[in-house]
2 protein chains.
Amino acid sequence: MAGGKAKSAARAPRLWVLILAAQRESQRMLSEALRPLGITPAQGEVLSVLSSHPPLTLNALGERLVCETGSPSRLVSGLVRLGWVRRSPAPGDGRAVLLTLTGGGHRLATRCLTVTGELEAELVALAEAPAPVEASALDITLRTLWRLVSHLPAGRALKRRAGKG
Amino acid sequence: MAGGKAKSAARAPRLWVLILAAQRESQRMLSEALRPLGITPAQGEVLSVLSSHPPLTLNALGERLVCETGSPSRLVSGLVRLGWVRRSPAPGDGRAVLLTLTGGGHRLATRCLTVTGELEAELVALAEAPAPVEASALDITLRTLWRLVSHLPAGRALKRRAGKG
DNA sequence: ACATCATATATGACATATCATGGAATTACT
DNA sequence: AGTAATTCCATGATATGTCATATATGATGT
């Protein structure tokens, strides 16, 4: 019955813990995968967004990022220092700054998208259910996230924790 | 074939972005909810783990945490300074430290578990599907995470991003 | 007993994320 | 025009998470 399920949610690994675990592990994996490119996941997100958008102001970029709230001024500064992004004055607005990728930035963004795609495939492989399941969407989500992290460090932490209740 | 799906994955919000978005938003919500208690989400995780386990060493605690890898020395120091956790020498091992909750720590942990439970309910309400769905577990997971974040700042960032391809 | 290696913790260093502040430019209002 | 309010960006301050190092204790092997 539904009551039993709802009740068990109180002691099962919670959604938010699973979300945290999944984020930590995917962050680690992506961080590792991007290391050869010399950029961090957050920098990769900026490159990806800039590669598929018309020149954006800092503010507009910030509105399209998940990795950071507010205006990603320092995040962009790093990429400018590395030579992948160019800041130019925005025509018609003396306050704003237009961000564009340099030539090398475009090439790096392409490589970054490849790496991101590979990581996505890796995550999907971890998360994919071996067989069709029948349960509520939330149960399926919990199980999927659990499959994703269960044999990674964060998942092992949850197992140890469950070991003693 | 699977190729069709794999191709569409290239432009859909990716699993890892959704995981990041969900983590950012749930972190914000939990952070807000715990503020009245004067603790952070990471500190809350420590209190929760300690409240349901026998005295743990720092190392054993670290093995049960998702919020941090390595040994959570500083995280615990903060809780000791606040008076919620006690460090005592481990009998039989002069290197190790046993961590226990103080009386106030126990009470705070209880309140923390209540807050965490409420947040969990809130997240579940956001994530719950309005009606039964039929799709692969992964699709369901993506949709569930999307429901969770779609009307929150991180989700709006993803919408803006998708707006221009 | 002694030398060596492994383990437990603490701490410094660094990158990152969030919040608050300040300066410059634009917009709105009178 | 002129003033006030708002917007855009940069930067300082703080907290957090990760990595590397240092120190002390325990375990191992001769």
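The chains referred to below are lettered A, B, ... by the order of the sequence lines, with proteins before strands, and numbering in each begins at 1.
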(Q) I'd like to know if B:Arg95 reaches the base of C:dT9 with its side chain, counting only an N/O donor and acceptor under 3.5 Å. (A) no
(Q) Would you say that B:Gln27 contacts A:Ile19 through its side chain, given a criterion of any heavy-atom pair below 4.5 Å between the two side chains? (A) no
(Q) If hydrophobic clusters are built from ILVMFWY residues whose side chains come within less than 4.5 Å, do B:Trp146 and B:Val17 share one? (A) yes
Q. Taking all non-hydrogen atoms of both residues, which atom of A:Leu99 and which atom of A:Leu50 are closest, and how far apart?
A. O-CD2, 4.0 Å
For atom [atom1] of [X] and atom [atom2] of [N], their distance in whole Å:
X	N	atom1	atom2	answer
A:Asn59	D:dT7	CG	C1'	8 Å
B:Leu98	D:dT25	CG	P	17 Å
B:Glu32	C:dC19	CD	C1'	13 Å
A:Leu61	D:dA10	CG	C1'	15 Å

Q | Donor + acceptor pair across side chains of B:Ser77, B:Arg74 (<3.5 Å) | A | no
(Q) Side chains of A:Arg147 and A:Thr144 only: does a donor on one sit below 3.5 Å from an acceptor on the other? (A) yes
Listed pairs, N/O of protein and of nucleotides 16-19 of chain D, under 3.5 Å:
from: D:dT18; atom 1: OP1; to: A:Arg28; atom 2: NH1; distance (Å): 3.2
from: D:dT18; atom 1: OP2; to: B:Thr69; atom 2: N; distance (Å): 3.1

Q. Across the strands shown, which category fits A:Thr57 at heavy-atom distances under 4.0 angstrom: base, sugar-phosphate, nothing?
A. sugar-phosphate
**Q.** Sugar-phosphate, base or nothing in reach of A:Gly70, heavy atoms under 4.0 Å
**A.** nothing
Q. Checking A:Arg24 side chain against B:Cys67 main chain: does a donor-acceptor pair fall under 3.5 Å?
A. yes
Q.
Looking only at the side chain of B:Val97 (C-beta and beyond, no hydrogens), which of the listed nucleotides D:dA10, C:dA10, D:dC8 gets closest?
A. C:dA10
Q. Among C:dA8, C:dA10, D:dT7, which is the nearest nucleotide to the side chain of B:Ser73?
A. C:dA10
Q: Using the closest heavy atom to pick a nucleotide of DNA chain C for each, name whichever of B:Ser77 or A:Asp93 lands nearer the 5' end.
A: B:Ser77
